[in-house]
Amino acid sequence: METTVTKEGRTAIPAEIRRRHSIEAGTRLVWLDDGVTIKVVPVPADPIAALRGSGRGEGLVRALLEGRRREREK
């Protein structure tokens with residue numbers, strides 16, 4: 001997908017991308033520039049709720065407890 005930037009620096013987000021990422025009027029976007037590429041990331045209205053469950057199945061609690069056990073043994 002491709003868009004054009006206007007003289008005022010504006011561009012449109014293609015409808016397919018808006019639908020896929022639930023971007024609607026009022027959605028905040030973060031622009032990440034690493035010097036080579038630019039990424040545009042939508043900011044969820046409730047970032048904490050958006051992350052809830054994202055680590056499920058990773059064994060994070062087990063890894064944390066194992067790390068703490070190793071530290072105590074030192």
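Start at 1 with the first residue, then count along the sequence.
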Quiz prompt | Where Pro44 and Pro42 come nearest, the two heavy atoms and their spacing | solution = CD-O, 3.6 Å
Quiz item: Under 4.0 Å between a Lys/Arg side-chain N and an Asp/Glu carboxylate O for Arg68 and Glu71?
Solution: no
Quiz item: Would you find more than 12 non-hydrogen atoms of other residues, nucleotides or ligands less than 6.0 Å from Arg28 atom CZ?
Solution: no
Self-check item: Linked, directly or transitively: Val41 and Ile48 (ILVMFWY side chains, under 4.5 Å)
Solution: no
Practice problem: Please lay out, stage by stage, how Val40 and Ile13 fare under the test side chain to side chain contact (heavy atoms under 4.5 Å, CB included). | Solution: CA-CA 10 Å; Val40 182; Ile13 303 169; 6.0 Å; no
Quiz prompt | Nearest-0.5 Å distance that lies between atom CD in Glu24 and atom CZ in Arg19 | solution = 13.0 Å
Practice problem: Compare every heavy atom of Val43 with every heavy atom of Thr27, then report the nearest pair and how far apart it is. | Solution: CG2-O, 4.5 Å
Quiz item: Do Arg62 and Glu66 pass the salt bridge (Lys or Arg N to Asp or Glu O under 4.0 Å) test, and can you show the C-alpha distance, the side-chain angles, and the key distance before you say yes or no?
Solution: CA-CA 6 Å; Arg62 188 176 314 121; Glu66 178 63 24; over 6 Å; no
Quiz item: Is the number of heavy atoms from other residues, nucleotides or ligands under 6.0 Å of Glu73 CD greater than 12?
Solution: yes
Practice problem: Say whether Ile38 and Val5 are linked into one hydrophobic cluster, either directly or through other cluster members, by side-chain heavy-atom distances under 4.5 angstrom. | Solution: no
Quiz item: Looking at CZ of Arg10 and OG1 of Thr4, how far apart are the two atoms once the value is rounded to the nearest 0.5 Å?
Solution: 15.0 Å
